[in-house]
Amino acid sequence: SQQGEEDPQALSIQEGENATMNCSYKTSINNLQWYRQNSGRGLVHLILIRSNEREKHSGRLRVTLDTSKKSSSLLITASRAADTASYFCATDASGGSNYKLTFGKGTLLTVNP
Amino acid sequence: KAGVTQTPRYLIKTRGQQVTLSCSPISGHRSVSWYQQTPGQGLQFLFEYFSETQRNKGNFPGRFSGRQFSNSRSEMNVSTLELGDSALYLCASSLGAGWSYEQYFGPGTRLTVT
């Protein structure tokens, strides 16, 4: 099963509205990252938040991390049509022999003009 | 600074053949990792290389192999191709080893196996 799971799987909003996506994970992490992917292209890094951080901002993006609930959320404020993309959270696993970056299945965000 | 480049961008192969994909990282980046993306399984980690050494490997069969050269460029090879290997293969580079660094992804190589 996936280490990171995004919720919802799909989200459709109007331009100007805020979009919130959630990510839950199973094992302890050192950090969590959010990425964006436009229609079958490469991923673009958005934000990295470390396990000792609770909140981070970058422009219109706000990421929170709750390690006690093993969850993170990505908020995009004042959304634009150009924000239409799939959003993925990625977590590392802080231990074990198979130390890798694990991606969730993503949230498909559609911003309607 | 030039981004991560992957060649070729598109590839069509027949079952049983082998394929080699190439990835050139951002200048100065010493870590390269590879991922397979399919609609059903999503993004799955294949390998991570740092300074020509494979540091981590995902749960893929031995038909999937890779290597990294002294200039940090990396290649991935898949032998005895199966239909299920059809996917978008992404490589990413980062400054350091491990997952505390942001990953810079290339555009991917779309492999179709017929």
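Chain letters run A, B, ... following the sequence lines, proteins first and then strands; every chain starts at 1.
Side chains of T77(A) and R60(A): no donor on one and acceptor on the other come within 3.5 Å. Side-chain polar atoms of T64(A) and S73(A) form a donor-acceptor pair below 3.5 angstrom.
By number of non-hydrogen pairs under 4.5 angstrom with chain A, the leading residue of Q103(B), Q6(B), E48(B) is Q103(B).
The contact between L43(A) and chain B is made by backbone and side chain atoms together, counting heavy-atom distances below 4.5 Å. For F47(B), no part sits under 4.5 Å from any heavy atom of chain A, backbone or side chain.
Other residues, nucleotides and ligands contribute more than 12 heavy atoms inside 6.0 Å of the CZ atom of R63(B). Atom CD of Q9(A) has 12 or fewer neighbouring heavy atoms from other residues, nucleotides or ligands inside a 6.0 Å radius.
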